[in-house]
Amino acid sequence: MPPAPQRPEISAATAAALAREHWGLSGQLRELGSYADRNFLIEGEAGERHVLKITAEASEPREVVELQAAALGHLSERASAALVPRVIPSRAGPLLVASADARDQACVLRVLSWLPGQLWSERSAPSAALRRSLGLALAQLDLDLQDFEHPAMQRSFRWNLTTPEWIADELSALEPGRQRERVVDALAQFRARVAPRLSELPHQLIHGDANEHNLVVEGDALCGIFDFGDTLAAPVICELAIALAYAAMVPDPVQACAEICAAYHSRRALSTFELDLLFDLIRARLAVSVVSSALAHAHEPDNRHVVASEAKSWALLGTLTDFGRRAVTKYIAGACGQSAPVPVPGARSRTRLLAQRRVRLSAASSLAYDSPLYIRRGEGTWLFDEHDAAYLDCVNNVAHVGHCHPRVVEAASAQLATLNTNTRYLHEGILAYAERLCATLPEPLSVVFLVCSGSEANELALRIARAHTGGREVVVVDGAYHGNTSTLIDISPYKLRGPGGHAPPPWVHVLDTPDPYSGRHGDDGPAYAAPIIAAAHAARVRGEQLAAFICEPVMACAGQVVPAPGFLEAAYGHARAAGAVCIADEVQVGFGRVGDAMWAFEAEGVVPDILTLGKPIANGHPVGAVVTTPALAASFANGMEYFNTFGGNPVSCAVASAVLEVIADEGLVANARETGAWLRAALRELDDPGVGEVRGRGLFLGVELVADPETKAPDARRARAIVEYARGRHVLLSTDGPARNVVKIKPPMCFGPVEARILVTTLAAALRATS
Ligand code: PMP
């Protein structure tokens, strides 16, 4: 948060002298409350009143004070002239600059006319008529400011409602609990629903702070709006959202919102688009208010102006959240004579979909969460349900560069509209992609096969390994999952040891998971690899031969395990000594997810003979790949054609190429490194004895839950409860590991610092709720 403003230190006597000297004003001075300025009311002999406003240049650049004066000058010639103060010029011009305060700070002084009447804040129960009057006045003000331009109107400061994300860094100022979670939710919904659309909204100068201390009323009429200190260029709808965040602090907030909006709409029409974002904007403003109040407590415990509306802000945030966006928006839209916005048309009922699914799909295909989600659209790191409520996707490593990334969508659409066929014709797309992919890989990985899934990639990898070595047997790591075909289930202990599983066939050798946290050999990597020697020997005794050692360089289903140091190097050594080839399955962890490099094997000091890729490779379009060496590729080309109907088609190649471009252009590997490091450190600070370990690399992390930190007994029940709790707070996670006691985190790679803070706060709440 920016430093607290330096209010000018000027006594009433000094202020009176300045007013007399430069404006020829004399009379009684009384100090008025202000957040950042020093304001005096000057009451002359004949009862005429003026306000002397003194602003420290350190807290407000001069051009911003000039902007305010210019805006007031502009309005003085418009319909809302009577609503706003007039600027009374000094003998030297509208503003006076002086080193007038006790600390010798440069200050800007101005005098404004006084608006007679009562403050809105002094009204215990504003009437419906008064609310309507506010709506009309704000609309008029916005209409009058529509054609105003000033070089300083693009302002970045913390009350700018288009940029509330700074509160993500200050969430710890709030007490943990329900209220903090509401702020997190308001921030999340803003980030997901509003932030990406801001630029599409009509922008102009707005007053930007129509709170109850800045509104003057007389009877049932709003007769003044002052304090242009927060004026800025912003989406016009922010004017209304900000006003509502105060004027709705009444027992019937939704009704109040509806009345103000309807009146506003009658003078300046609100679009369906503006109405759709209004609720989230109001809540974002309230979230900023309560966080600011919490921070101000620390800086200025007795500035009454700062903390005045804190309790009411919390209450309004709570009520609006409880009513929900849909209900509030529908009510407001109805009051404006509009139908409710439908952000995602065509939604069915969840219940009907569930029933239909039970009939038409196999029970073997499971749904996530106790209460399954109906997801209708995705954008960046966010998913949206049938009501357009946003969910933070912390687990989809397939939507690698972000859900529905526009460049990926564009690449797919353009190619789909041009050509899609198989690889039996020459086409530049597949070659461009193969070149681009190999450019990220060390020699001798230089021959590419394109397939349609991770499973197909691993199947093909096994075939290549067997063709090259003449062997059949495979060494795998416990807890591993390599795919859904019959052969791959046989080499996936994760499935074999789970429900419906069976013993590994004799040609499969299973190593202990090289898990430094709970594995049998601790962090002695080579010790986990040593049994490969015996496996090779056993195969030979049976007249067989090892074909492959297959392993993920960071193990996903095994529980997001970074292998014990030296494991892969030793394992590759033993496997190769036995005549086997080494397959790195980077279906989950490839393409920069680990943050420090494009490929996870790079940190392990090894280069595989075969690399298999999938999931993130084309951001959700079904693509997989095998990259191998010229020697292995030659062994595989034994006369039997390898044909894959869909593999490597021009659309797949265009999409996969777009993904590589976006990874590079958007610096996603660096983001995985930096956001991942912050996340890991923050998760490690979560003080809970049930968190056995936080581990992982880049944006591939795991939080292992244990019932007892001594015995490290897995606590699957709690891991699941945490995931369900987070789902209830619109944060999507899942569990993994053979005991399903690891909460896994592997979001789209555009997951940024704000998302990371939302996730950590939610996980902290989930831990408290489940302890
Ligand atoms: N290997 C690993 C490490 C995986 O995680 C998966 C999928 N979870 C696969 C292979 C299989 O990929 P697919 O589901 O695309 O067939």
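All ligand and atom numbering here is 1-based and tracks the order in the structure. We number each residue from 1, following the sequence as shown.
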Which heavy atom of the protein is the closest neighbour of [atom], given with residue, atom name and distance?
atom: atom 7 (C) of ligand 1; result: K615 CE, 3.2 Å
atom: atom 1 (N) of ligand 1; result: D585 OD2, 2.7 Å
atom: atom 10 (C) of ligand 1; result: H482 O, 3.2 Å
atom: atom 9 (C) of ligand 1; result: V587 CG1, 3.8 Å

What I want to know is whether [X] and ligand 1 share at least one N or O pair that is separated by under 3.5 angstrom.
X: E552; value: no
X: G454; value: yes
X: Q588; value: yes

Indicate the atoms forming the closest heavy-atom contact of [X] with [Y], along with that distance.
X: P516; Y: V562; result: CD-O, 3.4 Å
X: P616; Y: V659; result: O-CG1, 3.9 Å
X: L699; Y: R593; result: O-NH1, 2.7 Å
X: T612; Y: D585; result: OG1-CA, 3.2 Å
X: V581; Y: H468; result: CG1-CD2, 3.8 Å

Need the ligand 1 atom indices (1-based, order shown) with element for anything under 4.0 Å from a heavy-atom of N458. 1 (N), 10 (C)
Atoms of ligand 1, numbered as shown, that sit under 4.0 Å from any heavy atom of S453: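 Listed by number with element, the hits are 15 (O), 16 (O).
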Nearest to atom 16 (O) of ligand 1 by heavy atom, G483, G590, S455, G624: which?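 Answer by nearest heavy atom: S455.
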Would you say D512 and H521 are linked by a side-chain donor-acceptor pair, where the criterion is simply a distance under 3.5 Å?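 Result is no, nothing qualifies.
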For the residue pair N649 / S652, report whether a side-chain donor-acceptor contact shorter than 3.5 Å exists. yes
